[in-house]
Amino acid sequence: MKKKNNMNKKTRLVRTFCSAASLCVLLTLLSCNSSNKIKTISETPLFNLKYGNFEEQLNLFNINNPGSIRTYMTMRDGFFYVVNGESNKVISLNSYGDLLSLYYNEDAYSTSNAGLAEKSSSGIWKPISYPFTFNGKVSVDSRKYMYVVGTVPRERNEQNEEEKLLYSQVVLRATSDGSSIDYIGQEGPGGTPFPFIKDIYTTENDELVVVCTTNEGLTAYWFGTNGFLRYKIPVNVKEAPHVSSESLNGIGSSDLFVTVENIIPDCYSLRLYVKIDYYLSHIDEESKVQSGIDYIESYIFPLNIETGMYGEPLSLPPYEESITADFSKVTYKLPYDFLGVTKNGWLFFIITTTSGFTVQMIQPGTQLVQKRNLDVDHTETLYYSLSLSHEGIISALLAEKDSARMVWWRTDSLVDSVLR
């Protein structure tokens, strides 16, 4: 999930190069002076979802429950799964927008709730007795088992005083027909809640991978098909792998700021792809004091979780914006976000731009790099959630003023044509 205000990440990095007074001018120039001419992939509109409290509608902007939007989506085999946290429900739809299933919290939807009927004539309603709040990501495996991040009631929260972490989230697991619904914690079914869950993934072997944020970095929990924990893999900033100073233009590791941006599992093998971003202190030339940080480089480290060994790192080309002002030209480098991995081994990266998104697709072990623009009018988009399928299709829920649009971009056709 990425929200409209994710452009703040770009703004923070730009601020390291210019004063606050010139920031507005700089952002205006960024929108008009891009030096990179990248081809655009056309959007395919699929269907719209109206706003409201009825079963086939989304409740995104509830003034009685202010705060961040808690609606996410994913696509698997042409079917869409939408977690509407504001309504505490999960709906599945086909590519025409027809409602197939609705999972709902029994506590939230009683017979006194006017938004939903007591019973569904089509038999698509599937009650969930657990008193969880649905407020996180969703993933689906090949068996059509659905996994949804939820928050347990406050009285069931746990806290680790040493790490100062709050354990409050679990992963709800439901079969396709709703006949079996349970939840997965750190150890497996019914286990201890997780710390904050950054994202969840399912592999082609129908195994679940939960990636959590900690004070030290990220931790991945890898579960078997039975739901029990197989591996717990912490990736701490202090112990994160480093590249040689030659790879970073002679900069020593002690001078760098390191962030573990994301961890995503391979679709087939017991391998994690760890994306690490490197930054360097920016020293103001006039005052000679640190005034921010400059982005230096990003690398992908493949991690064999059976051996615990990292493979050869892959350097990621940065996103570049060039601006021209006062007869001078300056090029800024920004890191892409790690979006996902496909079945044929392509790594997908994405960044928000003034015209929508730019996607960078890389196949490790080759020199194949593809870049494409996805046009989205951010002025009309109030909120969005993105998803990458294992086939390489990028789908999006785009919330606009009157309704939410479901669209996709067939980036799978692009990478398939390259392989041929």
Side-chain angles (χ1 to χ4, degrees), residues 1 43-50 54-60 70-85 87-105 116 120 122-128 134 136-150 171-181 199-209 225 264-265 267-268 339-344 348 374 384-399 403-413 415-416:
M1 180 274 316
E43 165 198 299
T44 302
L46 298 173
F47 57 87
N48 286 24
L49 294 172
K50 296 181 179 180
F54 291 98
E55 59 180 16
E56 74 282 0
Q57 297 177 334
L58 296 181
N59 178 4
L60 295 184
R70 306 186 309 277
T71 293
Y72 306 89
M73 60 78 61
T74 192
M75 189 276 289
R76 176 88 190 215
D77 301 329
F79 296 96
F80 293 84
Y81 302 81
V82 181
V83 178
N84 188 199
S87 292
N88 225 16
K89 68 181 181 182
V90 185
I91 58 176
S92 64
L93 313 102
N94 60 21
S95 58
Y96 299 100
D98 300 322
L99 183 65
L100 304 177
S101 298
L102 186 152
Y103 296 84
Y104 68 99
N105 190 310
L116 298 173
S120 172
S122 58
I124 61 175
W125 285 37
K126 298 172 175 57
I128 296 174
F134 308 147
K137 301 296 183 67
V138 56
S139 188
V140 179
D141 66 20
S142 65
R143 302 169 296 181
K144 297 299 185 291
Y145 281 27
M146 184 179 65
Y147 302 87
V148 181
V149 175
V171 178
L172 189 78
R173 177 176 62 173
T175 56
S176 59
D177 59 1
S179 59
S180 176
I181 300 176
D199 214 331
I200 58 175
Y201 307 90
T202 49
T203 71
E204 285 297 300
N205 299 320
D206 296 329
E207 295 186 316
L208 172 70
V209 179
T225 54
I264 296 181
C267 290
Y268 290 105
L339 182 62
V341 182
T342 66
K343 290 192 293 186
N344 50 24
F348 276 59
L374 312 178
Y384 62 84
S385 176
L386 298 175
S387 172
L388 175 71
S389 73
H390 287 180
E391 291 73 27
I393 302 174
I394 298 177
S395 305
L397 174 72
L398 305 175
S403 64
R405 296 193 301 124
M406 196 72 75
V407 303
W408 67 24
W409 294 271
R410 296 302 303 266
T411 43
D412 59 325
S413 302
V415 295
D416 286 345

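Values in this document were obtained by computation on a predicted structure and should not be read as measured data.
- Atom OH of Tyr147 sits about 9.0 Å away from atom CD1 of Ile200, to the nearest 0.5 Å.
- With hydrogens and angles disregarded, a donor-acceptor distance shorter than 3.5 Å links the side chain of Asn205 to the backbone of Tyr268.
- Put simply, OG1 on Thr44 and CD1 on Ile394 are 12.0 Å apart, with the number rounded to the nearest 0.5 Å.
- What you find for Leu60 and Ala399 is that their closest heavy atoms are CD1-CB, 3.6 Å.
- Of all non-hydrogen atoms in Pro127 and Ile181, the two that sit nearest each other are O-CD1, 3.6 Å.
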*Can Thr202 and Glu207 be said to form a side chain to side chain contact (heavy atoms under 4.5 Å, CB included), step by step?*
CA-CA 5 Å; Thr202 49; Glu207 295 186 316; over 6 Å; no
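- Looking at every heavy atom in both residues, Val138 comes nearest to Met73 through CG1-C, 3.9 Å.
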*Just do the side chain to side chain contact (heavy atoms under 4.5 Å, CB included) check on Thr411 and Phe348 with the steps written out, would you?*
CA-CA 10 Å; Thr411 43; Phe348 276 59; 3.7 Å; yes
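- Counting only heavy atoms from C-beta outward, the side chains of Leu93 and Leu49 approach each other to under 4.5 Å.
- Under the 4.0 Å criterion applied to side-chain N and carboxylate O atoms, Lys89 and Glu56 are not assigned as salt-bridge partners.
- Close placement of the Phe80 and Phe47 rings is indicated, their centers lying within 6.0 Å of each other.
- For the atom pair Ile91 CD1 and Leu58 CG, the distance stands at 5.0 Å (nearest 0.5 Å).
- Counted by atom type alone, Ser180 and Thr175 present zero donor-acceptor pairs between their side chains at under 3.5 Å.
- Under the rule for a side chain to side chain donor-acceptor pair (under 3.5 Å), Ser92 has no partner lying at least two apart in sequence or in another chain.
- Residues satisfying the salt bridge (Lys or Arg N to Asp or Glu O under 4.0 Å) test with Lys144, not counting sequence neighbours, are Asp77.
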*asked:* One pair to check against side chain to side chain contact (heavy atoms under 4.5 Å, CB included): Glu55 and Tyr104. What are the steps and the verdict?
replied: CA-CA 10 Å; Glu55 59 180 16; Tyr104 68 99; over 6 Å; no
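- Note that the OH atom of Tyr72 and the OG atom of Ser387 stand 13.5 Å from one another [nearest 0.5 Å].
- Between the side chain of Asn84 and the backbone N or O of Asn59 there is at least one donor-acceptor pair closer than 3.5 Å.
- Here the closest heavy-atom approach between residue Asp141 and residue Tyr145 is recorded as OD1-N, 2.9 Å.
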*asked:* Between Arg173 and Leu208, does the side chain to side chain contact (heavy atoms under 4.5 Å, CB included) criterion hold? Intermediate values first, please.
replied: CA-CA 10 Å; Arg173 177 176 62 173; Leu208 172 70; over 6 Å; no
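- Arg405 meets the salt bridge (Lys or Arg N to Asp or Glu O under 4.0 Å) test with Glu43, Glu400; sequence neighbours excluded.
- Checking Thr342 against Asn344 by side-chain atom types alone, a donor-acceptor pair falls below 3.5 Å.
- When all heavy atoms are compared, the tightest approach of Thr71 to Gly85 is OG1-N, 4.0 Å.
- Across every non-hydrogen atom of Cys267 and Thr203, the tightest pair is O-CB, 3.5 Å.
- Side chain of Asp206 to main chain of Ser142: a donor-acceptor pair is present (N/O by atom type, distance under 3.5 Å, no hydrogens or angles).
- Atom CH2 in Trp409 sits 8.5 Å away from atom OG in Ser395 (nearest 0.5 Å).
- In this structure, the separation between CE on Met75 and CD1 on Ile393 is 4.0 Å, given to the nearest 0.5 Å.
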